[in-house]
Amino acid sequence: MRNILILNSSQIATPIGKSAKCGEEMNGIRVIENGAVVIKNGIIEEVDTTENILKKYNLDEFEVINAHNKCILPGFVDSHTHFIFGGYRPEEFFMRLNGASYMDIMRAKGGIQNTVNATRSSSFEELYELGFDRLNSMLEFGITTVEGKSGYGLDLATEIRQLEVMKKLNEDHKVDVVSTFLGAHAVPLEYEGKNEEYIDFIIDKVLPVVKEKELADFCDVFCEDDVISIELSDRLLSTAKEMGFKAKIHADEIVSLGGAELAGKLKAVSADHLLCASEEGIKSLAENKVVATLLPSTAFCLNKPYANARKMIDSGCSVALASDFNPGSCFTNSIPLMFALACIHMRMTAEEAITAFTLNGAAALGRADKIGTLEKGKAADLVILKYPTYKYLVYNTGVNIVDSVIKNGEVVKNNTIY
Ligand code: NIG
Ligand code: FE
């Protein structure tokens, strides 16, 4: 691997630090004009002005990239997706446009169960190929690390297959994949009306295998009315934590159930969705340093009011933004759409949105010490925009303006940088 010197960037914009930014700190990104980045062995060696870097380094020892008129940011971290699945559900999308709700469809045994049927009948190879393709698409948007959840198996064999596919994709694809076990995504038909028994099955028969095979860092649960109750979510996540998993929770997405409060009590790494989080819940997230992961495209696709990002940030929470890419509630991984929704509809500033998609996303995956900012010692994961400032991410609304992507010091997408 050649060492890389990137010169003449009109602007390098990055949060700074190795842990999540909360409250007003989220606004504080560092901007270096006429910036340069030195990359050695896949790691960032130095970030400074081009003038200072040219005084210190010998150009002959590097592959030189000219980023004139281009803004550089840390690679985006998509910390909440369900990208390994078989089949699609376009008919449900149109049922919703015609008035059906997400939960109406789920209660009628469509929704997640629909994708479970299709995923159970998909082979490892089929899921792998679909996953590889989806990672390619993410890279186009500048995503350099992604989280992926199981949860479309709801039986031992398929949950493990989904996780093994993600493990192999992490080895084979440039994008890093962080895996989450979401066996409690729904109660499958075989366990209809026997929610407790299903959670017992997950705890006794599935979690130990996931642990033994080292297939997931996180355990997650869809804590929702008519899905998995607060009590069962608490039991599952408490047990998972004792077994060494870190906790995540789909919280207060459809109704205000107390998921945010539970996340605080369990000191989960993140609580996700939070469209209906209560004031108490928001306070609990801030106090317990739980990353509030907001998924604006899901609210958009479900036509629901957005999570109250302003209140969360103003109450001192760490907010991350992520896609929730999945075949049901949110079949899009469009980063520019999310930037637009976050800044136009959720009233986040562009600077907060950048922190939310980089450092705070990394924190939601327990990786803020390694990725999410452009500073010495972090992995060289960079996005180069085809415009001179980060503000174009919002201003050029809904358009993918990523010119090039560098992952672990290797150019993995290159439109015009040479
Ligand atoms: O995060 N809310 C639960 N799970 C997903 C949707 C999954 C699906 O509908 O397939 C979500 O929105
Ligand atoms: Fe989700």
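Just follow the structure's listing: the first ligand is 1, and inside any ligand the first atom is 1.
Of all N/O/S atoms in Asp324, OD1 sits nearest the Fe ion (ligand 2).
The aromatic rings of Phe85 and Phe331 stand perpendicular to each other, their planes meeting at an angle above 60°, with 30° marking the opposite boundary. Note on ring orientation: taking the six-membered ring where Trp is involved, the planes of His80 and His82 are tilted (angle from 30° to 60°). Below 30°, between 30° and 60°, or above 60°: for His173 and Phe132 the angle between ring planes is above 60°, a perpendicular geometry.
Each of the following atoms of ligand 1 lies closer than 4.0 Å to a heavy atom of Ile112: 7 (C), 8 (C), 9 (O), 10 (O). Atoms of ligand 1 lying under 4.0 Å from any heavy atom of Asp324, numbered from 1 in the order shown and given with element: 1 (O), 11 (C), 12 (O). Interface atoms of ligand 1 facing Glu253, defined by a heavy-atom separation under 4.0 Å, are 2 (N), 3 (C), 12 (O). If you number the atoms of ligand 1 from 1 as listed, the ones under 4.0 Å from a heavy atom of His82 come out as 1 (O), 4 (N), 5 (C), 11 (C). Close approach of ligand 1 to Gly328 is summarised as follows: ligand atoms under 4.0 Å from at least one heavy atom of the residue are 9 (O), 10 (O). In the vicinity of His80, heavy-atom distances shorter than 4.0 Å reach the ligand 1 atoms 1 (O).
Considering Asp324, Asn326, Thr332 as possible partners of Thr298, the one that fulfils the side-chain hydrogen bond (donor to acceptor under 3.5 Å, both in side chains) test is Asp324.
Taking backbone and side chain together, His80 holds an N, O or S atom under 2.8 Å from the Fe ion (ligand 2).
We find that Lys378 and Glu45 are not joined by a salt bridge, their nearest charged nitrogen and carboxylate oxygen being 4.0 Å or further apart. Between Lys311 and Glu279, at least one side-chain nitrogen of the basic residue sits less than 4.0 Å from a carboxylate oxygen of the acidic one, meeting the salt-bridge criterion.
Residue-ligand proximity: Glu224 is placed with every non-hydrogen atom at 4.0 Å or more from ligand 1.
Nearest protein neighbour of atom 4 (N) of ligand 1, counting heavy atoms only, is His185 NE2, 2.8 Å. Given atom 12 (O) of ligand 1, the protein heavy atom at minimum distance is Ser329 OG, 2.6 Å.
Across every non-hydrogen atom of Leu337 and Ser297, the tightest pair is CD2-OG, 4.1 Å.
By the 4.5 Å heavy-atom criterion applied to side chains, Met166 and Ile84 are counted as neighbours.
Checking only distances, His250 does come within under 3.5 Å of ligand 1, N or O to N or O. Considering backbone and side-chain N/O of Tyr102, one or more are found under 3.5 Å from N/O of ligand 1.
Between atom 7 (C) of ligand 1 and the options Phe222, Phe331, Phe325, Tyr152, the minimum heavy-atom separation is to Tyr152.
For Arg134 (side chain) and Phe83 (main-chain N/O), a donor-acceptor pair under 3.5 Å exists by modelled atom type.
Centred on the Fe ion (ligand 2), the NE2 atom of His82 and the NE2 atom of His250 lie at an angle of 100°, reported to 10°.
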